[in-house]
Structures are given as C-alpha cells and as structure tokens.
Protein chains: 2
Amino acid sequence: MARYAKEHKQVTRQRIIEKAGQRFKQDGIDGSGISTLMSDAGLTNGAFYAHFASKDDLVAHVVADELRTQVARYGTARPGRPGLEDLVRDYLSPEHRDHPGVGCPSAALLDEIGRCEDGTKQAYTDGARAIVEEIAARLAPEDPRSARGKAIGLFTMMVGTLQLSRALSDRKFADEVLEEGVENALAFMR
Amino acid sequence: MARYAKEHKQVTRQRIIEKAGQRFKQDGIDGSGISTLMSDAGLTNGAFYAHFASKDDLVAHVVADELRTQVARYGTARPGRPGLEDLVRDYLSPEHRDHPGVGCPSAALLDEIGRCEDGTKQAYTDGARAIVEEIAARLAPEDPRSARGKAIGLFTMMVGTLQLSRALSDRKFADEVLEEGVENALAFMR
DNA sequence: TCTATGGTCTGACGTTCGTAATATTATGGT
DNA sequence: ACCATAATATTACGAACGTCAGACCATAGA
C-alpha cells in the first residue's frame with residue numbers, strides 16, 4: 001500500500017541530517033540555506049518540511065547527531081591516555097584544521113550554538129557532557145569524576161586552538177598555533 | 001564649505017564600527033543586517049555605503065577595532081602575573097559570559113571569523129598577535145618570547161571555556177565550566 | 001497481471017529580509 | 001544666498017524561510 005520501504009523516510013531524514021552537518025560546519029548555520037541543504041541531500045527545498053518542522057528543528061537534530069558521532073568515534077581509539085594523546089594529535093593537525101566539514105562540530109560551530117534557541121543548546125549540552133566523560137575516563141580510568149575539571153580544560157583548549165588556527169590568515173602563525181597546541185595539551189594532561 | 005565639523009564623518013564612522021561590534025558579538029556577523037547595524041548607530045541603511053564599500057569591508061574594520069580595544073584594555077591591568085590572574089578571573093566570570101555584546105570578540109566570533117574572507121582574517125591575525133604578546137609579556141616579563149607557546153595555550157583555553165559555557169543550556173553545568181576554567185587556567189599558567 | 005492507493009518528492013509561489021545602489025533632501029559654514 | 005556634504009528615502013534584485021497543489025511511482029490487494 002505504500003510506495004516506499006518503511007525505512008525509506010528515516011533513511012532520507014538521516015541523510016539530510018548528515019549532509020547538513022557537513023554544510024553547517026563548512027559555511028556556518030546562518031550561512032546555509034534550506035535549498036542548499038536539501039540539494040546536498042539530493043532533494044529539493046519543498047521536501048524539507050515533510051521531515052522537519054523548521055530550520056531550528058533541523059539544527060537541533062544535527063547538533064545532537066554530530067556530537068553523538070564524535071563521541072562514538074572517540075570511543076574507538078586505543079584505551080587510556082595513549083589513545084587520548086592520539087586523539088589530541090589528530091585533533092590539532094593541519095588536516096583537521098583544513099577540513100572543517102568533516103571535523104569537530106564544536107570547533108566549527110560553538111559560538112553560533114551559543115546564540116541558538118534552547119532546543120539546540122540542550123542537544124549540545126547532552127553531547128558535551130558525553131565528551132567530557134569520555135575524556136575524563138581516559139585521564140583517570142580508576143576515578144573519572146576526579147578528572148572532570150581537567151577534561152573540561154583539555155577539551156576547551158583543543159577547541160579554542162583549532163578555531164584560532166582556522167581564523168589566522170598567516171599560515172606560519174596558524175601552524176605554530178597547532179604545534180604549540182599539541183605541546184600545551186600534552187603538558188596540561190599530565 | 002561643509003555642513004559639519006571636519007571630523008564629523010570620522011566620528012560617525014567610528015560610531016558605526018563600535019555599535020556594529022556589539023551587534024556582531026550579540027547576534028553574529030551573518031545574523032546582523034545592514035539596516036539593524038545602521039539603526040543601532042542612529043542612521044538609516046542608505047547612509048551605510050557612504051562609509052563602507054560593503055559589509056565585508058565593515059566586518060574587517062570592526063574586527064580590527066575590537067581587537068585593538070581589547071589589547072588596550074588588557075594593557076591597563078596591574079603588571080605581570082597578578083594582573084594576568086585578574087584578567088583570567090574577569091574573563092571567566094558569569095558577567096562576561098552573560099554579556100557577549102561587550103565582551104571578548106574572539107569568544108563571540110572566532111569560528112565565524114575563520115569562515116570570513118581574507119581581509120577580515122588578516123585583521124584578526126594582527127590583533128591575535130598583539131594579544132598573545134600581551135599575555136606572554138605578563139607570563140615572562142624578562143623573556144616574553146619563551147612564553148609565547150604558553151600564552152597561546154592560555155588564550156585558547158580561555159576562549160574555548162567561555163564559548164562552551166555560553167553554549168550550555170544547563171546553568172549549573174555552565175557555571176561549573178567557568179569555575180573549572182579558572183582553576184585550569186591558573187594551574188596552566190604556573 | 002493490473003490497478004488503486006497514499007506516502008514522498010517536485011517545483012513554483014508568497015512574503016520577508018538581505019545587500020547594494022541611486023536620487024533626493026536637509027543642513028549650516030563661507 | 002550659495003553649495004558641498006551627509007543623511008534620507010526609495011528602488012532593484014536576489015536569497016531566505018515556509019507553503020502548497022499536484023506529480024510520481026512502488027507496492028498491496030483484486
């Protein structure tokens with residue numbers, strides 16, 4: 001009785017969310033229009049409102065999805081501090097800096113999220129908690145709660161460093177920021 | 001020969017820049033239209049193009065002005081590390097978090113600046129250099145160059161911490177981030 | 001096999017808002 | 001009174017969000 005497989009809409013919706021995540025991280029939330037987002041997903045603007053109530057609604061789901069994905073990916077690194085050091089080096093790399101579309105959502109969107117409506121901030125809050133816990137668990141596997149503060153510091157320094165490096169027009173300075181960032185993060189961890 | 005005092009246009013221009021700085025930090029660059037910016041300055045949109053070639057042109061001047069002002073203000077703190085500690089506590093305060101319009105331009109706009117055209121990034125780069133030098137001079141008055149890396153780390157952690165606190169919908173968590181941020185920053189300094 | 005169903009998507013539209021540009025008016029020092 | 005200047009008001013044009021009627025077509029059921 002139906003034209004599509006019953007999962008079809010869910011699949012489409014997920015594709016919209018994932019493509020929108022890339023686009024937002026590249027061009028910003030305000031900088032990405034509905035038409036562009038839908039065309040990224042291989043659809044036209046008209047189909048958008050069959051999937052989401054509004055752009056804000058999409059943004060909240062994208063933020064949640066992005067953070068969930070990030071936490072899942074971080075969970076696959078080798079365990080404990082060595083894995084965390086890998087993550088730091090990977091995070092503060094020129095590749096990550098130069099490809100925001102497939103990178104950390106916080107580095108790309110954090111200040112814009114701070115200006116979003118509450119639904120989006122709520123989604124971000126949940127994700128941020130999970131990230132902090134993931135980092136804390138690696139800093140102090142035996143007592144993660146004791147490392148919460150340090151985990152927050154490490155995370156914020158990484159995000160700020162990547163953002164700063166992206167905002168600099170002088171490549172030498174931008175590279176220096178990343179290199180010092182790795183030093184600083186590793187020093188701060190210990 | 002002229003209707004206004006010869007400085008009049010300069011004064012108006014400066015007023016536009018300063019008001020635009022506040023507006024950008026509150027609503028974002030993409031989130032602020034020319035009409036709003038001009039009405040903030042007590043003018044109408046039509047007068048804009050007598051002062052700036054384009055919105056991008058304004059943005060670059062605003063970024064330069066904001067960073068210049070920030071560096072000047074930081075220069076007035078008491079000298080050396082004690083002054084730096086004051087700045088850290090002031091920076092990572094709920095007041096600063098809750099009033100982005102009169103706060104740090106980096107915390108409010110850094111990721112958006114990373115997506116701006118080169119003129120704006122250049123303006124930001126100059127300002128960032130000055131800030132790093134100001135911090136380094138306080139960390140190691142006798143040899144600022146040796147403290148450059150640490151200054152970068154301190155600055156990025158402060159920016160990231162404030163952004164994170166602003167993006168959280170849970171006030172308790174947001175406050176925790178600020179408090180841990182002060183601890184982390186002071187620990188990192190020494 | 002054929003057809004009716006109904007979920008999904010298309011594409012055009014209205015309205016609002018954006019940047020940008022131009023024409024016009026108000027002003028006040030010389 | 002003149003007239004250079006700065007601001008206003010108006011216009012153009014595109015892009016934004018959101019809406020809608022209808023096209024499309026895979027599949028269930030005859």
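Note that the structure is predicted; figures quoted are calculated from it, not measured.
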Mind checking what makes salt bridge (Lys or Arg N to Asp or Glu O under 4.0 Å) contact with [X], not counting sequence neighbours?
X: Asp30(A); result: none
X: Asp86(A); result: Arg78(A)
X: Asp98(A); result: none
X: Arg166(A); result: none

* Are OP1 or OP2 of dA6(D) and a side-chain N or O of His51(B) less than 4.0 angstrom apart? ->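 For His51(B), the contact criterion (side-chain N or O under 4.0 Å from OP1 or OP2 of dA6(D)) is not met.
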**Prompt:** Is there a side-chain polar atom (N or O) of Thr12(B) under 4.0 Å from OP1 or OP2 of dA6(D)?
**Reply:**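 For dA6(D), OP1/OP2 do not have a side-chain N/O of Thr12(B) under 4.0 Å.
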Starting from C1' on dA6(D), measure out to CZ on Arg15(B) and report it in whole angstrom.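 Atom CZ in Arg15(B) sits about 12 Å away from atom C1' in dA6(D).
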Separation of atom CZ in Phe52(A) from atom P in dT8(C), rounded to whole Å |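 One finds 13 Å between P of dT8(C) and CZ of Phe52(A), rounded.
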**Report entry** Residue pairs fulfilling side chain to side chain donor-acceptor pair (under 3.5 Å) with at least one residue in residues 34-44 of chain A, sequence neighbours excluded
**Finding:**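 The answer is Arg23(A)-Asp40(A).
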Worksheet item: Which pairs count as side chain to side chain donor-acceptor pair (under 3.5 Å) when at least one residue sits in residues 179-190 of chain B, sequence neighbours excluded?
Response: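 Pairs touching residues 179-190 of chain B that pass the test: none.
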Its contact letters, B for base, S for sugar-phosphate only and - for none at protein heavy atoms under 4.0 Å, make nucleotides 14-25 of chain C read ----SSBBB---
Any protein N or O atoms within reach of nucleotides 12-15 of chain D? Criterion: under 3.5 Å, listing atom names and distances.
none

Which residues share a side-chain contact (heavy atoms from CB on, under 4.5 Å) with Ala20(A), sequence neighbours left out: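 Partners of Ala20(A) by the side-chain contact (heavy atoms from CB on, under 4.5 Å) criterion, ordered by chain and then number, come out as Phe24(A), Leu37(A), Leu58(A), Val62(A).
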With Ala174(B), which residues qualify under side-chain contact (heavy atoms from CB on, under 4.5 Å), at least two apart?
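For Ala174(B) the side-chain contact (heavy atoms from CB on, under 4.5 Å) partners, ignoring immediate neighbours, are Arg97(B), Ser165(B), Leu168(B).
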Quiz item: Can Glu134(A) and Arg138(A) be counted as an ion pair, charged N to O under 4.0 angstrom?
Solution: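 A salt bridge links Glu134(A) with Arg138(A).
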Q: Starting from the first five and the last five pairs of the helix from dT1(C)-dA30(D) to dT30(C)-dA1(D), work out the angle between the resulting helix axes, to 10 degrees.
A: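 If I round to tens, the end axes sit 10° apart.
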Check: What pairs of residues pass the ring-ring contact (aromatic ring centres under 6.0 Å, His included) test when at least one of them lies in residues 155-190 of chain A, not counting sequence neighbours?
Finding: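 Output for this query is empty, none listed.
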